[in-house]
A.B. asks: 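Dumping the structure here so I can ask a few things about it.
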Amino acid sequence: MTIIKAKFIMLCDENFTILKDKAVAFEDRILKTGEASELIKQFPQADFIDAKDAIIAPAFINPHVHLEFSANKTSLVYGDFLEWLSSVIASRSELSKEANQALIAKTIKEIQRSGVGTIGAVSSFGSDFEPCVKSCARIIYFNEILGTNEQILETNKQNFISRFKKSKEAQNELFIPAISVHSPYSTHPKLANFALQIARDENLIVSTHLMESNHEKDWLTNGSGGFKEWLGKFNKSATPFYDVNSFISLFSGIKTLFTHCVYLDDFSKFEREFHSVTHCAFSNRLLSKKTLNLQNLIDEKIPFNIGTDGLSSNISLNFFDELRANLLIHSEFNPQNLAQILILASTSNAAKALGLDLGEVATGKIADIAVYEGFGEIKESELALMLLLHTKNCRNLYINGKICEL
């Protein structure tokens, strides 16, 4: 058991409550917040830490990372989605070889150092499996399924089943198998429905990419545009498997994170109880001609969270770098308000999207907690913004109440 006293505790509840000069007591779950002296009396067996000017907050959740591309720096082409996708296919084999288990393990630690307790690892090949299982991070392991060629659908299915079963055998409190349906342009309905039936039967979380580019919008809307020519290289008679609404309908009743959605204007088919948007601002800037309209999501009451995507479309997996990118891109918001919105999106809102009982400093919640260096005297109204502007890494990270070696 541990008690930590800090200058500020950000509860990350819906009111963005901040406690000043208080403490939190926790084991694997949070027991209580309050005056340090009272908690010490109530829990005399606890280890007490006076973190002085520090800031305590729920650990961040990064729900969308492609760890298998962690070796990329300058191999890929940015500016247009299809040019980037072509470069991914051309470089995929070499990048996969370079992203060995040691590099992926190092990358996970780098992500954690920025205060991230939970990582949504989207796994296309399974090469990130061992470092994810061995890490002290909470991993949502999205086994990805994709393929459009009718002739090898069964091969793709068996490959997916093999990877999925392996992840199920490794399941524990910190390693949670999940499913990813890659995208509407890359996943045959037979494969998508097969994987989603497993998700329904086993109550699994699902992730998918949707409406990431203008090319995808043209393809799903009219069966035209850049994807018609690009997919024609592989199948001259290619036609869309879905329109936007029919694709979203596949995920009815399933907790699903729809990643990107920058070209999605109508969210009326989203089921707010189950569906959320994962926003990857830096990635979208490199690959798309527009960014997500956060105000539209807020107005429509569509839940959203923040992801970094992988190093295939980002230069950093440090979560604070991603949050700062959001601060700069979404200039229509007051920075103080936006900082609070982003922190809630990355803690309590992301936890709800993933069905995790954490993301808040509240009695009974799982004790995934980050401790950051403080700033001395500062107004509480400025705390969220200053944390995002001036922080790179956390001082300490606790997962399930246990400190992680960073």
A.B. asks: Working to the nearest 0.5 angstrom, can you tell me the gap between Ile205 CD1 and Ser180 OG?
C.D. replies: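 Here the interatomic distance stands at 13.0 Å.
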A.B. asks: For a 4.5 angstrom cut-off between non-hydrogen side-chain atoms, does Lys217 reach Leu264?
C.D. replies: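 SC-SC contact between Lys217 and Leu264 ruled out.
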A.B. asks: Taking the basic N atoms (NZ, or NE/NH1/NH2) and the acidic carboxylate oxygens, is any pair closer than 4.0 Å for Lys20 and Glu380?
C.D. replies: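 Answer for the salt bridge query: no.
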A.B. asks: With a 4.5 Å heavy-atom cut-off, do Leu231 and Trp219 have their side chains touching?
C.D. replies: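 The answer is yes; the side chains approach within 4.5 Å.
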A.B. asks: Of all heavy-atom pairs between Ala170 and Val133, which one has the smallest distance, and what is that distance?
C.D. replies: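 Residues Ala170 and Val133, closest heavy atoms: CB-CG2, 4.0 Å.
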A.B. asks: State, with a plain yes or no, whether a side-chain heavy atom of Thr391 is found less than 4.5 Å away from one of Ile55.
C.D. replies: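 Side chain of Thr391 against side chain of Ile55, heavy atoms only: no contact under 4.5 Å found.
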A.B. asks: So how far is it from Thr308 OG1 to Leu317 CG, rounded to the nearest 0.5 Å?
C.D. replies: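 With rounding to 0.5 Å, OG1 (Thr308) is 4.5 Å from CG (Leu317).
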A.B. asks: Taking the six-membered ring of Phe194, is the NZ or CZ of Lys157 close enough (under 6.0 Å from the centre) and on axis enough (within 45°)?
C.D. replies: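 Yes; both conditions hold, so Lys157 lies above the ring face of Phe194.
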A.B. asks: Is the Phe320 ring parallel, tilted or perpendicular to the Tyr372 ring (thresholds 30°, 60°)?
C.D. replies: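 Because their plane-to-plane angle is over 60°, the rings of Phe320 and Tyr372 count as perpendicular.
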A.B. asks: How far does CG of Asp47 sit from CD1 of Ile4, to the nearest 0.5 angstrom?
C.D. replies: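 It is 10.0 Å, given to the nearest 0.5 Å.
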A.B. asks: Indicate whether the side chain of Ser70 and that of Asn72 have a donor and an acceptor atom separated by less than 3.5 Å.
C.D. replies: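 Short answer, no.
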A.B. asks: Using a 4.5 Å cut-off on heavy atoms from C-beta on, say whether the side chain of Thr221 contacts that of Asp243.
C.D. replies: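 Side-chain contact under 4.5 Å: no.
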A.B. asks: Between Glu322 and Asn314, does any side-chain donor sit less than 3.5 Å from a side-chain acceptor?
C.D. replies: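 Glu322 vs Asn314: donor-acceptor pair found between side chains.
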A.B. asks: Show me the donor-acceptor pairs within less than 3.5 Å that the side chains of residues 349-361 make with the rest of the protein, sequence neighbours left out.
C.D. replies:
unit_1 : atom_1 : unit_2 : atom_2 : d
Asp357 : OD1    : Lys365 : NZ     : 3.1
Asp357 : OD2    : Arg29  : NH1    : 2.7

A.B. asks: Less than 3.5 Å apart, any donor N or O on the side chain of Arg113 or Asn318 sitting next to an acceptor on the other?
C.D. replies: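 On atom types as modelled, these side chains do not qualify, holding no pair under 3.5 Å.
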A.B. asks: Any chance the side chains of Thr17 and Asn15 put a donor and an acceptor closer than 3.5 Å?
C.D. replies: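 Looking only at side-chain atoms, Asn15 and Thr17 do not form any donor-acceptor pair under 3.5 Å.
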A.B. asks: Would you call Trp84 and Leu82 a side-chain contact if the rule is heavy atoms closer than 4.5 Å?
C.D. replies: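 Contact flag for Trp84/Leu82 side chains = no.
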A.B. asks: Output yes when Lys392 and Asp321 qualify as a salt bridge under the 4.0 Å nitrogen-oxygen rule, no when they do not.
C.D. replies: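 Salt bridge flag = yes for Asp321 with Lys392.
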A.B. asks: Between the main-chain N or O of Asn296 and the side-chain N or O of Glu300, is there a donor-acceptor pair closer than 3.5 Å?
C.D. replies: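 Checking the backbone N and O of Asn296 against the side chain of Glu300, no donor-acceptor pair under 3.5 Å is found.
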A.B. asks: Check whether the side chains of Glu154 and Gln158 place a donor and an acceptor atom closer than 3.5 Å, and report yes or no.
C.D. replies: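 Looking only at side-chain atoms, Gln158 and Glu154 do form a donor-acceptor pair, the distance falling under 3.5 Å.
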A.B. asks: Looking at OG of Ser87 and OH of Tyr78, how far apart are the two atoms once the value is rounded to the nearest 0.5 Å?
C.D. replies: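 Rounded to the nearest 0.5 Å, the OG-OH separation comes to 7.5 Å.
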A.B. asks: Would you say the ring centroid of Phe175 lies under 6.0 angstrom from that of Tyr141?
C.D. replies: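 Centroid separation for Phe175 and Tyr141: below 6.0 Å.
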A.B. asks: Hey, can you tell me if Phe270 and Phe258 have their rings parallel, tilted or perpendicular (30° and 60° cut-offs)?
C.D. replies: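 Correct class here is tilted.
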A.B. asks: Keeping the roles fixed (side chain from Ser167, backbone from Phe164), state whether a donor-acceptor pair exists under 3.5 Å.
C.D. replies: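 At least one qualifying donor-acceptor pair exists.
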A.B. asks: With no hydrogens and no angle check, do the side chains of Glu144 and Ser123 hold a donor and an acceptor under 3.5 Å apart?
C.D. replies: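 No, because no side-chain N or O of Glu144 sits under 3.5 Å from a partner of the opposite role on Ser123.
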A.B. asks: Once you round to the nearest 0.5 Å, how far does CZ of Phe375 lie from CZ of Phe8?
C.D. replies: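 Those atoms lie 10.0 Å apart.
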A.B. asks: Side chains of Gln295 and Phe333: does their closest heavy-atom pair fall under 4.5 Å?
C.D. replies: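 Yes; the side chains approach each other to less than 4.5 Å.
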A.B. asks: If we count only N and O atoms by modelled type, under 3.5 Å, do the side chains of His64 and His209 hold a donor and an acceptor together?
C.D. replies: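 Yes.
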A.B. asks: What do you reckon, are the aromatic ring centroids of Phe241 and Phe247 less than 6.0 Å apart?
C.D. replies: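 For Phe241 and Phe247, the ring centres are not under 6.0 Å apart.
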A.B. asks: Find out whether His279 and Asn305 are in side-chain contact, i.e. whether some heavy atom of one side chain is under 4.5 Å from a heavy atom of the other.
C.D. replies: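 A side-chain contact is absent here, since even the closest heavy-atom pair is not under 4.5 Å.
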A.B. asks: In Å and rounded to the nearest 0.5 Å, what is the SG to CG distance from Cys132 to Leu67?
C.D. replies: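 Going from the SG atom of Cys132 to the CG atom of Leu67 covers 5.0 Å.
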A.B. asks: Can you see whether Glu94 engages Ser75 through a side-chain donor-acceptor pair at a distance of less than 3.5 angstrom?
C.D. replies: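 No donor-acceptor contact under 3.5 Å links the two side chains.
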A.B. asks: Any Lys/Arg nitrogen of Lys109 or Glu405 sitting under 4.0 Å from an Asp/Glu carboxylate oxygen of the other?
C.D. replies: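 The answer is no: the pair does not qualify as a salt bridge.
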A.B. asks: Show the numbers, then the answer: is there a salt bridge (charged side-chain N to carboxylate O under 4.0 Å, His left out) between Glu373 and Lys52?
C.D. replies: CA-CA 9 Å; Glu373 299 294 347; Lys52 301 189 183 302; over 6 Å; no
A.B. asks: For the residue pair Ser183 and Ser186, confirm or rule out a side-chain donor-acceptor distance under 3.5 Å.
C.D. replies: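 Side chains of Ser183 and Ser186: pair found under 3.5 Å.
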A.B. asks: Of all heavy-atom pairs between Gly147 and Leu153, which one has the smallest distance, and what is that distance?
C.D. replies: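 So the two residues come closest at O-CD2, 4.2 Å.
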A.B. asks: Around atom NZ of Lys290, are there more than 12 heavy atoms from other residues, nucleotides or ligands closer than 6.0 Å?
C.D. replies: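 Counting neighbours around NZ of Lys290, more than 12 heavy atoms of other residues, nucleotides or ligands fall under 6.0 Å, so yes.
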A.B. asks: Can you tell me if Trp230 and Ser86 form a side-chain donor-acceptor pair at under 3.5 Å?
C.D. replies: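 The answer is yes; a qualifying pair exists.
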A.B. asks: Kindly say whether the aromatic ring centers of His275 and Phe251 come within a distance under 6.0 Å.
C.D. replies: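 No, ring centres 6.0 Å or more apart.
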A.B. asks: Is the shortest heavy-atom distance from the side chain of Met386 to the side chain of Lys379 under 4.5 Å?
C.D. replies: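 Heavy-atom side-chain distance check fails, nothing below 4.5 Å.
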